[in-house]
Amino acid sequence: MYLDSEDEKVLTGEYGETRQKMMEILVALGKVFNAENLIPISSAQVSGASYKTIGKWGLEWLNNLDARVVVPSVLNPIGMPREGWQNIDIPREFADNQNKVINAYKRLGIKMECTCTPYYLNITNYGDHLAWSESSAVSYANSVIGARTNREGGPSALAAAMIGKTPNYGLHIFKNRMPEIAVEVEGGDNIHAHHYGAIGYLTGSKVGKKIPLFTNIRPSRDQLKALGAAMAASGAVALYHVKGITPETKLPTFAEEPPEKIIIEQSEIEALFNDEGVDAVAVGCPHCSPDELMKLSDLLDGKTVKKPFYIFVAEGVMDSNRKYVSKIEKSGAKVISDTCIVVSPAMDKFERIMVDSGKAFAYVPNMCGATAKIGSVEECVSEALRE
Ligand code: F3S
């Protein structure tokens, strides 16, 4: 892989041992994937931020690093809200360890935004090269924004953040971004708004890591978010296209005829929804958008929840939408920033959790040890209001 003279100096340790190690990670990755060179990135999003996922060895690794990031960099959700973690039953020992992880990342210059929706922070644009690691964020950046990122692991995203570059392979290269399989959704002209997570869940489990092109649906931005997050969880889809909606399908060079085609049937979608009871409800996977918070505040206005109801959101979005947040909190529901359904131990005490997200539906059984039920956001609110 070609390295310029500055890259070579970093690799020989001229700028310190940490930068040298980080360059070694990028070079090793580049060699595995036959990258020709390193390309500059405009931002990084680093996973491995919850103590639940990185544990004491991850923390020790972070504490041994001695350099700062050189591009805007944020974290994936951590294991608890930084403020008010005591209100959601986080064990003190976990909180102490999580705070050590936060401090370790702060020392490296990472901005304390802990979210899987960094695209709401205005740090990326069409055509930008990124090193993001959370699967749903990667999917949204590639597909909805038209930025370019592979799905990085925590260490490779951090290495890219400290070097300001990433190996040029995979989804950074336009010709690798063409659709590989067409997806037609039965009744696609008339899809219920809340079915997009389920459609994503089914599509991801059928296409694996291929790049799908949806041919007959017209989702909104929030529905694209739900669709992509679920495909990234039940499969490994890091980029998808929706004909006439996502930006790259409008390019004259876009190839519209994938070699394969599948159909998602209405009966498969309906089969994912059922009437069984739950002991908690959680929405905001990926973290809620301002519009989703507004909708929740309308649905909960003047009402009182009877079951634990958790709503996850980025701190920046929570801060700029306080009027919706206070209306929601008056109902007894908890609006929680920084963390999420699956990376916080707060949800581990429940046995059956209702969600409105295809991604959470895929992850809750393994990550929280609970059964998952999926419904629309309206159904989630009704369930939370029921005794
Ligand atoms: Fe985000 Fe956690 Fe869901 S990281 S996408 S809220 S599983």
Side-chain angles (χ1 to χ4, degrees), residues 44-54 74-82 88 90 98 101 105 112-121 132-144 149 151-154 157 196-198 200-201 204 221-238 240 280-289 292-293 296 309-318 334-348 350 353-370 372 374 377 380:
Q45 186 236 11
V46 180
S47 64
S50 169
Y51 189 73
K52 180 173 167 179
T53 52
I54 68 165
V74 295
L75 287 180
N76 210 29
I78 54 175
M80 62 184 200
R82 279 169 294 151
I88 57 163
I90 300 286
Q98 182 64 72
V101 175
Y105 277 119
M112 281 302 112
E113 287 284 359
C114 311
T115 180
C116 51
T117 55
Y119 36 87
Y120 295 143
L121 304 174
W132 286 14
S133 48
E134 201 282 324
S135 65
S136 71
V138 165
S139 166
Y140 194 96
N142 277 321
S143 316
V144 183
T149 178
R151 185 180 174 189
E152 301 292 343
Y196 281 98
Y201 177 84
R221 284 216 151 197
D222 282 337
Q223 289 159 352
L224 287 164
K225 178 175 76 161
L227 182 73
M231 283 190 285
S234 63
V237 175
Y240 66 94
V281 182
V283 302
C285 170
H287 283 168
C288 287
S289 69
E292 288 168 327
L293 278 183
L296 283 161
F309 187 17
Y310 299 90
I311 295 160
F312 295 94
V313 66
E315 188 180 69
V317 172
M318 182 154 148
K334 290 189 159 69
V335 183
I336 299 169
S337 65
D338 299 332
T339 187
C340 93
I341 299 173
V342 306
V343 299
S344 165
M347 304 301 294
D348 293 355
F350 300 112
I353 302 172
M354 183 166 186
V355 296
D356 68 337
S357 143
K359 172 164 180 174
F361 184 65
Y363 275 16
V364 158
N366 280 342
M367 294 291 287
C368 306
I374 190 168
V377 69
C380 284

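Both counts, for ligands and for their atoms, begin at 1 and track the order of listing.
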[X] near ligand 1, heavy-atom distance under 4.0 Å?
X	result
Val342	yes
Ser136	yes
Ala137	no

Donor-acceptor under 3.5 Å ([X] side chain, [Y] main chain):
X	Y	value
Asp356	Val283	no
Ser357	Cys285	yes
Ser47	Ser133	no

Decide yes or no for Leu121 and Thr115: does some side-chain heavy atom of the first lie under 4.5 Å from some side-chain heavy atom of the second? yes

Are Ile78 and Tyr105 side-chain neighbours, meaning at least one heavy-atom pair lies under 4.5 Å? no

Mind listing the closest non-hydrogen atom pair of Val138 and Trp132 along with its distance? CG2-O, 3.4 Å

Among non-hydrogen protein atoms, atom 3 (Fe) of ligand 1 lies closest to Cys285 SG, 2.3 Å

Would you mind finding which of Pro77, Cys340, Cys116 brings a heavy atom closest to atom 2 (Fe) of ligand 1? Cys340

Against heavy atoms of [X], which atoms of ligand 1 measure under 4.0 Å?
X	answer
Lys359	5 (S), 7 (S)
Gly284	6 (S)
Glu134	4 (S), 5 (S)

With distance as the sole criterion, is a donor-acceptor pair present between the side chains of Lys359 and Ser135 under 3.5 Å? yes

Quick check on atom 2 (Fe) of ligand 1: does His287 put an N/O/S atom closer than 2.8 Å to it? no

